[in-house]
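Please read the structure below before turning to the comments.
Just so it is clear: chains get the letters A, B, ... in the order the sequence lines come, proteins before strands, and each one is counted from 1.
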2 protein chains.
Amino acid sequence: MFSLLLLAAAAPLQAAPATPATPADPVEADWRAVPDDELLVMTLASGKQVVIRLAAAFAPAHVGNIRALARARWWDGTSVYRVQENWVTQWGDATEKKPLPAGITDRPAAEFEIAAFQPAVRMAKADSYSTASGITADGWPVATNGRQAWLTHCYGMVGVARDALPSTGSGAELFTPIGQSARRLDRNYTVVGRIVEGMGYLSGLPRSDTPMGFYATAAERLPITSVRLASDLPASERPHFQYRSADNPRFAAAVAKRETPDAPTVSLDGAAVCDVLPAVRRTPR
Amino acid sequence: MFSLLLLAAAAPLQAAPATPATPADPVEADWRAVPDDELLVMTLASGKQVVIRLAAAFAPAHVGNIRALARARWWDGTSVYRVQENWVTQWGDATEKKPLPAGITDRPAAEFEIAAFQPAVRMAKADSYSTASGITADGWPVATNGRQAWLTHCYGMVGVARDALPSTGSGAELFTPIGQSARRLDRNYTVVGRIVEGMGYLSGLPRSDTPMGFYATAAERLPITSVRLASDLPASERPHFQYRSADNPRFAAAVAKRETPDAPTVSLDGAAVCDVLPAVRRTPR
């Protein structure tokens, strides 16, 4: 079997049930419910679903818009219309002409930054983009330069697309980074969530050859069947998710193990905040 | 038009012809030829081609094997057999049974590290994985911890798959990182090259649902039609490439501009080495 080590490095920070308990394994109480109105379920024409956890506390204006858009069924019939190699997948209204529903704040104030840098676990090292970074108690990646603080753009986070600075988007057009340099977007876009299931259905799409990655023809676009808050779905269809909390010694030990792995893995004595995003899972029945 | 800024951030470090010259634009002499025997051309059953620049000077044993494998046409009829979300795409012999041709060093010494850290341009900041990093004169990303030096695993670099440490692979099974945490592989795998054209044909493949991302069925695999050194192709089919060299003030200025972009982009005062890989292009006719 090739590359066993690759598995260890890629696994989310979560123990498989059969794994013997270590100090870095979560206990049941570490798993906490994601509120149903902080889960957005996007169903693609392929039948596949993408589930987004909304960062309601960090980007309230944009998340408010997103909830209103979902309740107005605004995204139904829109599409995934941009897939730029090593950069982003973006979705919403490709025509840029669909009117926004009433109740949407067309130009909310930017939420590029957050009020304070308050991680439960801090990364051991500074990185290229910040002087300190870490994971909040409720599982969000944050960073600071000592003056401002912000949610970081990691692979799979969800950001608000917009026109040129200093504008901010409404939340109707969203993107997720699908490449390596996501952090370059920090403090320039509003982060509204994280894809917690189905990311591969957005990252594994054919790349566009156009300079900015917009599909050149309507036929290339992947239609979006519906986008709903989990709380607005019938109980029988409503998914429930839990995140692994970070304010406990198990998670701190898991991060430390990522930063300094056991031999024979050659240790780099460091890891980036985007390497240690806490696991999110469907609530066990 | 959405997200104009995304374009600026994603563009390779290369000026479009219509752009007015700035101190960060390359001049014609900055472009240098990639030798034809350092270019590997992989043709997929889809008819698409992936072109890999080989790091011949940094991993001579493994690149020697790769040249021998290409000349023996060993990869013809093999496949892309693993696509693990946010991790790697891997190719070679999915059966693990195909004999290696004569002349292959079955277990070459690991080339996880290189002799010295000698970048032409250094990144302004240390990062999570190294105390210093930069780009060599001939365009390769390198890093150091003050003791060892190595080629970094960036998105789109090509590494040698292997069994568990401390083994090293022959070079017959290769992978490229398709996610964000590529740098976690540094010093644990041998880097043999960088994909310089067609990366999207490997990154945009359907993800496997198996735990390590190996396609569960042969039908899911993408067959490889052929893999050839450019120097072994007929002159009429032989591609020629140039890399942007880094040992000049234009490239240094381009990196500095990435690290501290002009307003209105909010500057993070930093960028990672994998954010500034020099452009590689087909040699203009």
Side-chain angles (χ1 to χ4, degrees), chain A residues 1-7 9-10 82-88 90 96 112 123 125-130 145 154-156 161-166 169 173 175 177-188 199-200 203-207 211-212 264-266 268-272 274-275, chain B residues 1-7 9-10 82-88 90 96 112 123 125-130 145 154-156 161-166 169 173 175 177-188 199-200 203-207 211-212 264-266 268-272 274-275:
Chain A
M1 179 67 88
F2 298 113
S3 302
L4 286 172
L5 193 78
L6 285 171
L7 174 62
R82 179 188 187 194
V83 184
Q84 184 170 5
E85 167 56 14
N86 193 14
W87 197 235
V88 295
Q90 186 169 320
E96 303 184 54
F112 301 167
M123 304 310 294
K125 291 181 180 174
D127 62 34
S128 303
Y129 314 98
S130 53
N145 56 11
C154 298
Y155 181 102
R162 59 167 173 74
D163 296 322
L165 267 174
E173 312 302 320
F175 68 85
I178 59 169
Q180 183 170 258
S181 298
R183 292 286 307 276
R184 287 186 59 74
L185 301 166
D186 283 6
R187 293 185 65 214
N188 282 280
M199 176 64 185
S203 63
L205 295 173
R207 275 52 181 161
M212 286 180 65
T265 298
V266 177
L268 301 168
D269 294 317
C274 292
D275 299 335
Chain B
M1 179 67 87
F2 298 113
S3 303
L4 287 172
L5 193 76
L6 285 170
L7 175 64
R82 179 188 187 193
V83 184
Q84 185 171 3
E85 168 55 14
N86 193 13
W87 196 237
V88 295
Q90 187 169 319
E96 302 185 53
F112 300 167
M123 304 310 294
K125 290 182 181 174
D127 62 36
S128 303
Y129 315 98
S130 53
N145 56 11
C154 299
Y155 180 102
R162 58 165 173 75
D163 296 320
L165 268 175
E173 312 302 320
F175 69 85
I178 59 169
Q180 184 170 256
S181 299
R183 291 286 307 276
R184 287 186 59 73
L185 301 166
D186 283 6
R187 293 185 64 216
N188 281 279
M199 176 64 185
S203 63
L205 294 174
R207 275 51 178 160
M212 288 180 62
T265 298
V266 177
L268 302 168
D269 293 318
C274 292
D275 298 335

Look only at the side chain of B/Arg187 and the backbone of B/Leu185, and say whether a donor-acceptor pair between them is shorter than 3.5 Å.
-> no
Under a 4.5 Å heavy-atom cut-off, does chain A meet the side chain of B/Asn145, its backbone, both or neither?
-> neither
Do you know which two heavy atoms are closest between B/Asn188 and B/Arg162, and how far apart they sit?
-> O-NH2, 2.6 Å
Kindly say whether A/Ser128 contributes a backbone atom to a donor-acceptor pair with the side chain of B/Asp127 at under 3.5 angstrom?
-> no
Out of A/Gly270, A/Pro264, A/Cys154, A/Gly204, which one racks up the most heavy-atom pairs below 4.5 Å with chain B?
-> A/Gly204
Minimum side-chain heavy-atom gap A/Arg184-B/Thr265 below 4.5 Å = no
Pick from B/Pro206, B/Gly179, B/Ser130, B/Ala182 with the largest number of heavy-atom pairs that fall under 4.5 Å of chain A | B/Gly179
Counting only heavy atoms closer than 4.5 Å, note whether A/Ala272 contacts chain B via side chain, backbone, both or neither.
-> both
Short question: side chain of A/Gln180, backbone of A/Tyr155 - any donor-acceptor pair under 3.5 Å?
-> no
Measure B/Ala271 against the heavy atoms of chain A and call it side chain, backbone, both or neither at under 4.5 Å.
-> both
